[in-house]
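Everything numeric here is computed off the predicted structure, so don't read it as measured data. For ligands, and for the atoms within them, numbers begin at 1 and follow the listed sequence. Hydrogens, waters and symmetry mates play no part in the numbers below; they use all other heavy atoms, side chains included.
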Amino acid sequence: MKKKFVLLTVVAIVAALSLSVALAGCTTVDMSKAGPEEIKAYGKLVVATSPDFPPFESLDDAGNIIGWDIDVAKALAEKLGVELEIRSMEFDAVLSSVAAGKVHMGMAGISNTAKRDESVDFSMNVFDSSQMIIVRADNTSINGPMDLAGKTVAVQSGTIGNWLADMDEDYAYETNDADETVAILGQPATVTKLSSGMMAIQQVKNGQADAVILDKLPAQTIVESLNKEGGAQLKILETSVYDDAYAFAIGEGNSSLKAWIDQALAELEKDGIIDELNAKWFGSEE
Ligand code: ARG
């Protein structure tokens with residue numbers, strides 16, 4: 001009886017200890033510093049994304065995360081010889097997860113900006129984009145960025161579209177030839193922040209918002225599919241608001257991972273893999 005009790009106590013202590021070690025392990029791994037060798041030792045490349053942004057990342061009918069970023073992530077994991085773990089979250093959590101070291105990389109059509117570069121680092125740029133305005137097809141009052149003045153603009157929270165609509169000083173102004181700081185869009189009266197570009201576009205479709213500011217390819221993909229379903233109800237204006245370029249986000253100061261990724265991307269480019277993925281996801285457009 002006594003022996004059994006001792007044994008049980010020992011078992012309980014060992015279990016408690018190993019649980020706390022496991023928990024400590026979870027909370028103390030700071031992935032923002034992991035270079036390629038650490039990732040190989042870890043056995044997994046952990047990537048954060050927000051799968052609401054076709055053709056870069058979205059969910060297929062079966063609920064799998066698919067897209068250009070995801071295929072590039074797979075190619076990078078393969079080069080490292082590790083498994084790929086994709087963590088799905090809202091867009092504004094992608095950048096904060098990278099900064100907090102909860103993941104190795106953020107791959108989510110992330111625009112490389114000087115402001116963001118203060119809290120994360122970026123790979124080389126992988127895609128040129130621009131911020132477009134979407135309105136109802138019968139809208140005649142909004143014909144360019146300045147016409148957003150006084151309007152209701154819907155955006156995906158935490159995106160460049162959000163910062164532009166909020167007239168954020170880091171995004172919504174430029175210096176003109178006369179060395180004056182001027183706004184690049186008209187100041188909206190109301191900015192509605194939603195968790196996806198699709199939800200923002202739905203607001204325009206049903207008349208709750210006048211316009212959406214969204215990245216070009218996702219705008220084209222979503223507008224095309226909605227117009228196919230319900231008649232040509234939406235249009236994308238020709239004049240863009242802002243030009244940007246996407247890159248992959250990694251931990252601030254993680255120069256060994258940056259060097260490895262840039263080298264790997266150059267190889268994927270040279271081996272024609274990037275061209276293949278462009279053709280697969282962007283069709284004839286790029
Ligand atoms: N390019 C824009 C930005 O960086 C939007 C990205 C949104 N990405 C997404 N997966 N929803 O702010």
Side-chain angles (χ1 to χ4, degrees), residues 46-60 63-74 86-99 102-103 105-134 145 153-172 184-185 191-203 211-223 225 236 240-250 277 281-282 285-286:
V46 183
V47 171
T49 198
S50 173
D52 49 43
F53 200 69
F56 294 93
E57 47 270 333
S58 60
L59 296 177
D60 69 9
N64 302 306
I65 304 178
I66 57 163
W68 187 89
D69 279 327
I70 309 308
D71 281 353
V72 176
K74 284 183 188 157
I86 300 276
R87 295 209 189 140
S88 175
M89 58 191 78
E90 289 197 355
F91 182 72
D92 39 16
V94 173
L95 281 161
S96 58
S97 297
V98 173
K102 291 183 183 157
V103 298
M105 287 175 80
M107 300 175 76
I110 302 170
S111 306
N112 178 349
T113 72
K115 180 71 189 170
R116 287 174 173 168
D117 207 11
E118 291 168 10
S119 52
V120 297
D121 273 356
F122 284 106
S123 69
M124 64 162 79
N125 288 344
V126 294
F127 191 81
D128 288 328
S129 180
S130 42
Q131 299 297 315
M132 309 304 290
I133 297 169
I134 304 164
V153 176
V155 293
Q156 180 176 27
S157 186
T159 60
I160 301 297
N162 182 163
W163 310 133
L164 289 167
D166 273 350
M167 303 304 288
D168 187 290
E169 57 177 27
D170 290 309
Y171 296 97
I184 59 175
L185 72 162
V191 181
T192 311
K193 290 158 201 175
L194 297 152
S195 63
S196 73
M198 173 62 116
M199 287 171 76
I201 295 178
Q202 291 288 1
Q203 293 239 319
V212 165
I213 303 176
L214 184 66
D215 304 52
K216 188 169 184 179
L217 278 193
Q220 287 173 344
T221 309
I222 297 172
V223 163
S225 81
I236 302 171
S240 65
V241 189
Y242 180 97
D243 290 328
D244 50 359
Y246 301 163
F248 305 134
I250 59 172
L277 295 182
W281 294 103
F282 312 143
E285 263 172 283
E286 296 305 311

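- Residue Glu90 does not touch ligand 1, judged by heavy-atom distances below 4.0 Å.
- Remark: minimum distance from atom 8 (N) of ligand 1 to any protein heavy atom is reached at Ala108 O, 2.8 Å.
- Atoms of ligand 1 lying under 4.0 Å from any heavy atom of Gln156, numbered from 1 in the order shown and given with element: 7 (C), 11 (N).
- Residues Met132 and Ser240 approach most closely at SD-CB, 3.5 Å, considering heavy atoms.
- Taking every heavy atom of Asp52 and a limit of under 4.0 angstrom, the matching atoms of ligand 1 come to 9 (C), 10 (N), 11 (N).
- Side chain to side chain, Asp52 and Gln156 meet the donor-acceptor criterion of an N or O pair below 3.5 Å.
- Classification of Lys115 and Asp168 as a salt-bridged pair fails, no side-chain N sitting under 4.0 Å from a carboxylate O.
- Remark: ligand 1 and Ile160 share an N or O pair separated by less than 3.5 Å (distance only, no angle test).
- If you number the atoms of ligand 1 from 1 as listed, the ones under 4.0 Å from a heavy atom of Ile110 come out as 4 (O).
- Ring geometry, Phe127 versus Phe56: the interplanar angle exceeds 60°, so the pair is classed perpendicular (tilted spans 30 to 60°).
- Ranking protein heavy atoms by distance to atom 6 (C) of ligand 1, first place goes to Gly109 O, 3.3 Å.
- The shortest N or O to N or O distance between Phe53 and ligand 1 is not below 3.5 Å.
- A side-chain N or O of Trp281 and one of Asp71 form a donor-acceptor pair less than 3.5 Å apart.
- Counting only N and O atoms by type, the side chains of Ser129 and Tyr246 include a donor and acceptor under 3.5 Å apart.
- The shortest distance between side-chain heavy atoms of Met89 and Ser50 does not fall below 4.5 Å.
- For a threshold of 3.5 Å applied to N or O pairs, the pair formed by Asp244 and ligand 1 contains no separation below that value.
- Between Gln131 and the options Asp244, Thr159, Asp243, a side-chain hydrogen bond (donor to acceptor under 3.5 Å, both in side chains) holds for only Asp244.
- Considering backbone and side-chain N/O of Thr159, none are found under 3.5 Å from N/O of ligand 1.
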Run the numbers on Thr192 and Val153 for side chain to side chain contact (heavy atoms under 4.5 Å, CB included), then give the verdict. CA-CA 6 Å; Thr192 311; Val153 176; over 6 Å; no
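- Under 4.0 angstrom from ligand 1, the non-hydrogen atoms of Asp215 all belong to its side chain.
- Contacts between Tyr246 and ligand 1, counted as non-hydrogen atom pairs separated by less than 4.0 Å, involve the side chain only.
- Against a heavy-atom cut-off of under 4.0 Å, Arg116 is close to the following atoms of ligand 1: 3 (C), 4 (O), 12 (O).
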